[in-house]
Each structure stands twice: as C-alpha cells, then as structure tokens.
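One structure is given below, encoded as structure tokens.
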Number of protein chains: 2
Amino acid sequence: MKNLKMDNIRDYLMTNDIKPSYQRIRIYEYLMNSYDHPRVDEIYKALIDEIPTLSKTTVYNTLNLFIEKGIIHMVTIEGTEVRYDVDISDHGHFKCDVCGKVYDFKADIVEIETNLGESFIINQKDLFFRGICPSCSVKN
Amino acid sequence: MKNLKMDNIRDYLMTNDIKPSYQRIRIYEYLMNSYDHPRVDEIYKALIDEIPTLSKTTVYNTLNLFIEKGIIHMVTIEGTEVRYDVDISDHGHFKCDVCGKVYDFKADIVEIETNLGESFIINQKDLFFRGICPSCSVKN
DNA sequence: AATAAATTTGTAATGATTACAATATAAAAT
DNA sequence: ATTTTATATTGTAATCATTACAAATTTATT
C-alpha cells in the first residue's frame with residue numbers, strides 16, 4: 001500500500017496537525033505495514049517489546065486522535081470487534097465468518113444510488129460484506 | 001413496515017424454527033414496531049414494566065437466537081454501539097453524528113460491483129453512511 | 001535554566017456482553 | 001394425572017474493551 005519511511009511518517013503526521021511523538025510514529029507505521037486491520041490489542045502486543053513503557057491508554061488515545069484528524073478509519077463489522085485501517089480510500093471490507101480474516105476489496109461506493117435527499121450531509125461511507133473466504137470454503 | 005399481530009408473530013417464529021415463548025414474542029414485537037434500531041438497553045427498558053421478571057440475559061439470548069436464525073440483523077455503525085433491525089431486506093443505514101439518530105435508506109446493494117472473485121461466498125451485505133441529518137444541519 | 005504546555009503512563013471506573021448454575025416453565029412419557 | 005425430560009428464563013459473577021483521571025514524563029517556550 002503506502003511505503004513511507006520514518007521521516008516521511010513524521011512529515012505526514014505534521015501535515016495533518018499531529019505532533020509526531022515516537023509512539024505516534026510507531027503506531028502509524030505498524031498500521032501502515034499490517035494488512036489485516038488490527039485491533040487495539042494486536043497493536044499493543046506488537047509494539048510492547050520494542051516500546052516497553054507503552055501503555056494501552058496511549059494506543060487508544062493515539063488511534064482516537066488519528067481518527068479525529070482523518071488519517072485512519074474505524075472498521076466495525078461486528079459490534080464487539082473494532083478494527084483500524086490506514087487505507088482511507090474508497091473500498092469495502094469482507095470478513096470471513098470461519099477464519100475471521102478481513103479482506104479489502106474494490107467497490108465504487110461513491111457511485112451507489114440512494115433515496116437519501118440532498119439535505120443529508122454524508123461524511124463517510126462504509127461497505128461491509130460477510131461470508132466465507134475462498135481458502136475456508138475449500139476446506140469444507 | 002410489517003404489521004403482524006400476536007398470533008402471526010407466533011407463526012413467524014415457528015416457521016423459522018424458534019419456539020415462541022412469551023418473552024420472544026414480545027421482544028420481536030417491540031423490534032417490529034420500533035423504527036430507530038434499538039440497542040439492547042432500550043429493548044430491556046421498554047419491556048421491563050410489562051414483563052417485570054424479564055432478565056437482560058434473556059434479551060441477549062433472544063437477540064442472538066434471532067440473528068442465528070436469520071430473522072433480524074445486527075447493525076454496527078460505530079464500534080461500541082450495537083443495534084438490531086427486524087428489516088432484513090436490502091437497505092442501508094445513515095447515522096447522524098449530531099443527534100445520533102439512525103435512518104434507513106434504499107440502495108441497490110446487490111448491484112454493487114466489486115473485485116471479489118466468485119470464490120468468495122457472500123452471506124450478508126451492509127452499507128453504512130455517516131454525516132449530518134437534515135434537521136440537525138438546519139439548526140446550525 | 002526555569003516555566004509552561006503537551007504527552008504518556010498506570011490505575012481505577014464504567015459499561016457491555018458472556019458464562020454459568022439455579023430456578024421455572026413447557027413438553028413428553030409413563 | 002404424575003413423573004420425567006428437555007428447554008427457557010433468571011440472577012449473579014466473570015470477562016473484556018474502553019474511558020476517566022491524575023501523576024509522571026517529555027517536549028517546547030521564555
């Protein structure tokens with residue numbers, strides 16, 4: 001997807017009005033390199049070895065800040081499962097009910113026609129599919 | 001939307017392999033007559049006066065059973081907020097970020113083109129929009 | 001170097017959901 | 001009709017994710 005190095009992440013955060021602390025850079029970097037829309041716990045566990053002082057509160061604070069500034073999206077397919085996505089371009093998510101993996105897919109969400117009047121101001125559009133992925137359907 | 005009476009709900013539940021206990025009938029009836037995609041807590045509070053012995057666990061059990069049997073859908077727009085919807089036809093949800101209300105809207109979700117191969121088995125499609133609703137945008 | 005501002009951290013509090021065992025109800029068998 | 005069996009409901013406790021908050025640390029400013 002993207003391939004920013006440390007300095008570029010720093011610049012990217014600053015451009016978006018976020019002071020680039022070490023923790024923030026590392027959390028963004030991790031999101032950037034993970035393709036499975038990680039949960040808070042996964043992010044925390046992945047970084048705690050390298051940043052031994054890291055607090056889970058910091059992960060929450062940072063993710064909420066990123067969302068507020070619009071550089072990541074929250075992905076909620078099932079109610080109890082909150083995931084995060086650095087890819088804020090127009091795309092959908094598919095979750096496999098068997099293995100739990102979340103796949104990205106392309107879709108022209110912008111083009112979807114609805115009966116919402118023009119007086120509705122739409123800020124975000126999300127498309128979620130659920131089912132069984134190819135590798136799981138082969139196994140059965 | 002639908003307009004089933006007591007006896008019809010009973011039949012409807014039985015058709016879907018659900019034994020129609022009093023609690024299950026009343027919970028389904030409440031969902032049927034509410035247009036705002038209620039949360040568990042709202043369902044519980046709405047029924048506790050009429051069913052004083054009602055337990056919140058029963059509400060959870062019942063909703064999970066309904067989902068399992070496919071007669072309701074879980075609606076998750078934001079991670080921490082789980083709502084339920086008896087309307088299992090093809091439609092989208094719009095949530096107002098100001099007043100929090102959830103609106104239904106029509107959309108041809110089935111027609112959306114994606115790059116998911118045919119080997120993906122899709123069981124459910126959901127479309128979520130967020131923004132500001134007409135009555136809230138007028139106020140500002 | 002001193003002060004102020006912002007960030008991180010750890011602990012405690014909250015709230016939603018589930019696990020589980022006991023009770024109550026309904027269905028089946030005698 | 002009574003006993004037995006299965007199913008559903010209930011209440012309490014446990015779990016888990018998230019937030020609140022204040023103290024400690026780091027960074028920026030004077």
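Note on naming: letters A, B, ... go to the chains in the order of the sequence lines (proteins, then strands), and numbering restarts at 1 for each one.
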What's the closest nucleotide to the side chain of [X] if the choices are [options]?
X	options	result
B:K19	C:dT9, D:dT10, D:dT7	D:dT7
A:T57	C:dT11, C:dT18, D:dA8	C:dT11
B:N64	C:dT9, D:dT10, C:dT18	C:dT18
B:L54	C:dA16, D:dT10, D:dT18	D:dT10
B:S55	C:dT8, D:dT10, D:dT19	D:dT10

Original post:
Is there a side-chain hydrogen bond (donor to acceptor under 3.5 Å, both in side chains) between B:Y22 and B:R26 once you walk through the steps?
Top reply: CA-CA 6 Å; B:Y22 181 65; B:R26 298 306 307 274; 2.9 Å; yes
Are any of [X]'s side-chain N or O atoms less than 4.0 Å away from OP1 or OP2 of [N]?
X	N	value
B:Y60	C:dT17	yes
B:Q23	C:dT25	no
B:S21	D:dA8	no

Original post:
Which word best sums up how the rings of A:H93 and A:H37 line up, parallel for under 30°, tilted for 30 to 60°, or perpendicular for over 60°?
Top reply: perpendicular
Between [N] atom [atom2] and [X] atom [atom1], what is the distance in whole Å?
X	N	atom1	atom2	value
B:E81	C:dA16	CD	P	11 Å
B:R26	D:dA8	CZ	C1'	17 Å
A:N61	D:dA17	CG	C1'	14 Å
A:K56	D:dC16	NZ	P	10 Å
B:Y44	D:dT10	OH	P	9 Å
B:L63	C:dT18	CG	P	10 Å
B:Y22	D:dT10	OH	P	11 Å
B:E68	C:dT18	CD	P	13 Å

Original post:
What do you reckon, are the aromatic ring centroids of B:F120 and A:Y103 less than 6.0 Å apart?
Top reply: yes
Original post:
Can we call the ring centroids of A:F128 and A:F94 under 6.0 Å apart?
Top reply: no
**OP:** Using a heavy-atom cut-off of under 4.0 Å over every strand shown, decide if B:D41 touches base, sugar-phosphate, or nothing.
**Re:** nothing
**OP:** Identify whether any heavy atom of A:R24 sits under 4.0 Å from a base atom; if not, whether one sits that close to sugar-phosphate; answer base, sugar-phosphate or nothing.
**Re:** sugar-phosphate
Original post:
More 5' along DNA chain D: B:P52 or B:I18, using each one's nearest nucleotide?
Top reply: B:I18
**OP:** Starting from the C-alpha separation in whole Å, work towards a yes-or-no answer on salt bridge (charged side-chain N to carboxylate O under 4.0 Å, His left out) for A:D126 and B:R130.
**Re:** CA-CA 9 Å; A:D126 287 309; B:R130 297 180 57 176; over 6 Å; no
